[in-house]
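Chain naming here is simple, since letters A, B, ... match the order of the sequence lines and numbering starts at 1 in each.
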Amino acid sequence: DQQVKQNSPSLSVQEGRISILNCDYTNSMFDYFLWYKKYPAEGPTFLISISSIKDKNEDGRFTVFLNKSAKHLSLHIVPSQPGDSAVYFCAATLGASAGGTSYGKLTFGQGTILTVHP
Amino acid sequence: DVKVTQSSRYLVKRTGEKVFLECVQDMDHENMFWYRQDPGLGLRLIYFSYDVKMKEKGDIPEGYSVSREKKERFSLILESASTNQTSMYLCASSLYFPSEQFFGPGTRLTVL
């Protein structure tokens, strides 16, 4: 049962344009969401996060939007650069109310390969 | 900067061998994690540890065990390697729950 889904395996955009990566989740108990970027032969690196009490978080060219009612989050990259080409993973974690050791475990989506063309 | 290192970048083993994957972090993080990454499946949690000598099963613990004797070191053990354990293995650490996890570079394990 995939609780976090990235339904687009790949996305191709032109340099300078906007990249929009999408993520859907099924567990309404998730209350903290993260995006990671992964280059080949490297481990994932943290990009940006958002708490469920917010609907938007911005960091430079990266903005994450959260729509709790739709159980959907998206990552916007503006403007896209060739160096942004990588695999992007969204992840979600349960809140403290989940109790026990479920709290803090990250559940990842399948990843989306972003290619930014010069 | 947090540094998470993994003992090998590439490893080739035979079916039935016992395999040890080592992970070390240098930032005094409480929590450590082992994931495997497979195409189309993303990262799946195998085991994690929130304290020395403490371990918890993740989503896919079958065929694996772990050891955490020291705070900075978390080992993943494949008791009897099988071909379906061919994968990229990623170690991560975090200071607290929930927070960003810092990942090592990964070990590409091939079981023949």
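There is no side-chain donor-acceptor pair under 3.5 Å between A:Gln3 and A:Thr26. Between B:Glu79 and B:Ser65, the side chains place a donor N or O and an acceptor N or O closer than 3.5 Å (distance only, hydrogens not considered).
Of the candidates A:Ser12, A:Ser80, A:Ser85, A:Ser19 forms a side chain to side chain donor-acceptor pair (under 3.5 Å) with just one, namely A:Ser80. Tested against A:Tyr25 for a ring pair (Phe, Tyr, Trp, His ring centres under 6.0 Å), the candidates A:Tyr32, A:Phe33, A:Phe108 yield a single pass: A:Phe33.
With a threshold of 4.5 angstrom between heavy atoms, B:Leu41 approaches chain A through N, CA, C or O but not through any side-chain atom. Using a 4.5 Å cut-off between heavy atoms, A:Pro9 makes no contact with chain B at all. Neither the backbone nor the side chain of B:Gln6 has a heavy atom closer than 4.5 Å to any heavy atom of chain A. In this structure, the portions of A:Ala41 lying under 4.5 Å from any heavy atom of chain B include both its backbone and its side chain. Using a 4.5 Å cut-off between heavy atoms, B:Arg44 does not touch chain A at all.
Listed here is the closest heavy atom pair of A:Ile20 and A:Ser74: CG2-CB, 4.3 Å.
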